Amino acid sequence: MAALYRHSPPASFVLWGVFLCLAVFTNGNALTSPGSSPMHCRVVGDQVYFSADDGVHGRELWQCDANGICSLAADILPGPKGSALMHLLPVQDKLYFSTSTVSSGADLCFYDTKEHVVVPITRSMDVLADKTIVAVHATDKRIFFLVTKNKNNVGLWTTACGSTTCEPVNTSGLLYRTQEQFVLQRTGNLMSCMSSNQIDFFNEEVLLTQSAIFPETLTPYQILDSIVPGVLLVALGDHAECGVEPICLDVPSGRVTLLKDIFPGPVSSNVDQSCLHRGLLYFTADDDVHGREVWRTDGTPEGTWMVADVASGKASSSAYKLCSVGAYLYFVANDGLRGAELWRTDGTGEGTLLVCDLSPGGTSPPLWSLASFQDKLYFCTETSQTGEEVFYTGGSPETTGVLRDIVPGPGGSGPHNITPFGDMIFFTCDDGVHGEEPWISDGTENGTRLATDIAFPTRQPSSGPDGLVSYSGLLLFNADDAAHGREPWISDGSETGTQLLLDIYPGKTGSLPGPFVQRGGLFFFAATTPEYGRELWCSKGDVETTRLVLDIAPGQADASPNMLTTLEDALYFVAEDRDSEPGLWRISGSDTSPEKLLDFRPYNAEMPPTGLFALWNTLYARFRNSSQEIYIYRVESTAQGRAGMKRIRTGFDTIHSLVKNWPSEASTVLFRDALAQTLYTASPRLPMAARDSTGESTLFFPAHTEVHGSELWKSDGTPAGTCLVGDLFPGPASSSPDQLTVLDDRLYFIAEDPGDGRILFVYDSATASAIPLVVSQHDFDWPPFGAQTCAIFNSGLLCTSILPSRAVMSGPYLLYIYELRGKTYCRPLLTLPADPGRWPDAITSSGERAYFVYNDEKHGVELWVTDGTAEGTRMVKDINVGL
């Protein structure tokens, strides 16, 4: 074999004795465990394998036997960072998975469950350097995996089970540029790979056995499953006259047959939730007559029909979570009377029945993690009596019950990952004492118990990252690591690349740097030192170039530079010189020496300015007098060639005639009438610019009126072109638009909807209207609600939100929302706490990564990063480490 990684499980517990002495009490306070958060459960033989983080080794591979004894199977990447296991796939007596390291990127490895070693397969292959493994599938003897380089040039590779070498599969059908263009899926003993006009099949000998070429009127859309392995393949095809509908592919001949135009005409029936059961393929679809219901097919047009109309008439039962157990196919559906409850069917309308109404009434919590064990269905759900727990059913009310009320009463243990293995089932939950940890059960209440407490209690302070700014592929922020106080930090997204830039104020006091503003090849910020007080500093992102710009207020006096604003090639800011009088300063061009442009005192300013802002290549200063009235000056050149300010007329008269109860905090400049040189102001939220269908720039802003409340407005820069976008919360109630974000020609924002609470809206310039952003995801079409933060990232949106209760997942989550083939989808990246006050904040996009500040309770408030995937969403570094 190639290089091996051996691990002796008992040795991993040597450190635990040390932690055990510290775990129960710290500073006299009892602690509860944060949990190891087990996930990616897979069964090999009589063992269940999963990834978990014990707080010492990072997220690594763990194992649990039939007796419930858990141990660390392999510490693949030594240290607390962990190896980021993904794509776990059992093949014979081996467990395949991909790992991620800084040196070689993603690697395909396997864990030999007999030799207890990890064997890397792709690490030594230069041709696969800087790679990303995006999918792993297998037959009984051969593993296929998809590899991208720089998120492009997707290739299909293969390796024999147990081999340490791999080779590419070269076919004409595998010419792709992005991984979204194909589906790789096992169909019986064949692997099928979909391209833009055909499906290619491979057997265990890696030979191209068949290519099905689709006619010009039909485009392959998605592979569902194989009814007869290697012979009949059911897929979705996009036909110009029928839309996306189920088709059947005869693999030997390559003949394609339309099974049924379920939704007549060019509209698609939105087939979803496919599941094989007793030689038939079941799925959900909408035929425009009965709504979304369960359908079945035997691979022929005459054998394709709806099983039952659970929600009578055109209403949809919105069936989802199809699961085959013994004689029944189980699914979750809403008949319109009892909410989303568990149903079963034997494939006939008469044999389709409600299993049990666990939550009486018209609404029900979701069901998740359905699994078959000992001819019963095990699943997770929530009831008012038990909270979220594991339940089981034999198909009738009498055989349905809770496995064990782990957190007695309505509290709930939040179970996940139900995985049958041997005579036991494995699942994860939080009993309120040990955190989220592995549990096992023999199917009885007494036989349901905690397997082991992998992660002992820890207490972590917070470094409180703040002021996040993207700079030349790096991230700048300030943080407090307890040893140096709050100082500037820099990060490339990795733990080793996240480090203190400079201890400007030596010791634990901290220089309190910020805000960071980039100009040219430098970034500028204010910082405090004992020698110079608070002054302006600059840096190129390394220790050598981090320096004081100028001691504007000599000695220990504070110049207190603030309101750093860039305009063209200059940096403007407000600072106090030796006379402690605030003035306007500027750094121009390549020069880093600041010059004082003017004093504010001659302009009869009662107070220092409350802000600087640039608008249409002009700099403005905003002031507020003792009566809290706002007035604005424009910075311009005087007749003598010096810098001066001119007080300008503001549009308060016009705005007040429109807005009766004008908010007192209104202070943000919104737009300018180019002819009258008038500035108009509204709410303190910053306006957002977007281009409409004519290519003209439009400014959007929230404003409050007595008739409509606080709603979204837009302006072309003139009073006549300023109007209400829409009364999203009709009447004087307010939708309170917030988090305005522009992507291409669309404006996204969060606002209050009368029925769904705070949700995402989108303004489309083509229709000149704002509508809820509807996400199309498996078993629901519904706007995420409870939204709080929205930011542009990687041609999509990052949003903190809750998914609808009838969806597979409920949240709250950090979501990546993106558009694909004209529809909007979401990808949950991070499960969030119930308290919105602890949700991610300060989201900053930097290339193909986005950074944010988050408190996971285990480490406190720290810096996190995401690449738009759940696996790539992680804490960058625990800057302020504690126990």
Side-chain angles (χ1 to χ4, degrees), residues 135 137 139 144 146 154 156 171-176 178-203 208-263 266-277 279-287 292 294-306 322 324 776 778-779 820-823 825:
H137 296 271
T139 61
F144 295 83
L146 298 169
V154 178
L156 178 63
T171 69
S172 60
L174 292 174
L175 300 176
Y176 307 103
T178 62
Q179 65 190 65
E180 288 81 6
Q181 288 179 288
F182 60 84
V183 174
L184 180 65
Q185 179 171 317
R186 177 176 178 176
T187 56
N189 63 341
L190 297 177
M191 301 297 295
S192 54
C193 195
M194 179 182 290
S195 64
S196 59
N197 67 340
Q198 69 185 58
I199 299 179
D200 297 326
F201 298 94
F202 309 87
N203 64 15
L208 180 61
T209 59
Q210 183 69 43
S211 284
I213 309 298
F214 284 73
E216 293 182 358
T217 57
L218 186 64
T219 303
Y221 187 76
Q222 180 182 342
I223 300 171
L224 296 181
D225 218 320
S226 179
I227 293 182
V228 181
V231 179
L232 286 180
L233 176 68
V234 178
L236 296 179
D238 191 353
H239 194 282
E241 297 179 359
C242 302
V244 178
E245 296 292 356
I247 59 175
C248 186
L249 175 66
D250 184 273
V251 176
S253 67
R255 186 176 67 254
V256 178
T257 303
L258 175 66
L259 292 179
K260 189 176 183 66
D261 186 8
I262 296 176
F263 197 120
V267 181
S268 303
S269 62
N270 294 319
V271 171
D272 201 4
Q273 300 286 315
S274 61
C275 177
L276 274 177
H277 175 65
L280 300 174
L281 183 68
Y282 290 77
F283 55 89
T284 65
D286 184 353
D287 64 356
R292 177 167 292 281
V294 176
W295 287 63
R296 53 173 277 183
T297 183
D298 61 2
T300 65
E302 58 273 12
T304 303
W305 37 271
M306 186 179 69
L322 279 61
S324 175
S776 301
H778 299 306
D779 46 25
L820 184 65
R821 301 188 185 95
K823 287 189 175 183
Y825 299 88

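Just so it is clear, the structure is predicted and the values come from calculations on it, not from any experiment.
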Handout entry: From T297 atom OG1 to L224 atom CG, the distance as rounded to the nearest 0.5 Å
Key = 10.0 Å

Handout entry: Closest non-hydrogen atom pair between S253 and D250, with its separation
Key = OG-OD1, 2.7 Å

Problem - Atom pair OG1/CG of T304 and L280 - distance to nearest 0.5 Å - result: 9.5 Å

Problem - Side-chain donor/acceptor of T257 to backbone N/O of L259, under 3.5 Å - result: no

Exercise for the section: Flag the pair I247 / V256 as yes when at least one side-chain heavy-atom distance between them is below 4.5 Å, and no otherwise. Expected result: yes

Handout entry: Closest non-hydrogen atom pair between N270 and R292, with its separation
Key = O-NH2, 2.6 Å

Exercise for the section: Evaluate the side-chain proximity of V271 to T284: yes if any heavy-atom separation is below 4.5 Å, no if none is. Expected result: no

Fill in the blank from the handout: Nearest heavy-atom contact between V228 and S226 is O-OG, 2.9 Å

Practice task
State, yes or no, whether a side-chain contact exists between L232 and C248 at a heavy-atom distance under 4.5 Å.
Solution key: yes

Handout entry: Working for side-chain contact (heavy atoms from CB on, under 4.5 Å), residues L281 and D225
Key = CA-CA 8 Å; L281 183 68; D225 218 320; 3.9 Å; yes

Exercise for the section: Of all the heavy-atom pairs spanning V294 and M306, show the shortest one and how long it is. Expected result: O-CG, 3.6 Å

Fill in the blank from the handout: Note: P266 and A240 closest approach over all heavy atoms is CB-O, 4.0 Å

Practice task
Decide yes or no for H239 and D261: does some side-chain heavy atom of the first lie under 4.5 Å from some side-chain heavy atom of the second?
Solution key: no

Exercise for the section: Taking all heavy atoms of D287 and all of F263, pick out the closest pair and write down the distance. Expected result: C-CD1, 4.1 Å

Handout entry: Within-4.5 Å side-chain heavy-atom neighbours: I262 and W295
Key = yes

Exercise for the section: Using a 4.5 Å cut-off on heavy atoms from C-beta on, say whether the side chain of L218 contacts that of D238. Expected result: no

Exercise for the section: Determine whether I223 and L233 make a side-chain contact, defined as any pair of heavy atoms from C-beta on separated by less than 4.5 Å. Expected result: yes

Completion exercise
Residues at least two apart in sequence or cross-chain that pass ring-ring contact (aromatic ring centres under 6.0 Å, His included) with H277, listed by chain then number, are Y282

Practice task
Using only heavy-atom distances, determine whether the side chains of D298 and T300 contain a donor-acceptor pair under 3.5 Å.
Solution key: yes

Problem - Side-chain heavy atoms of L258 within contact of E245, under 4.5 Å - result: yes

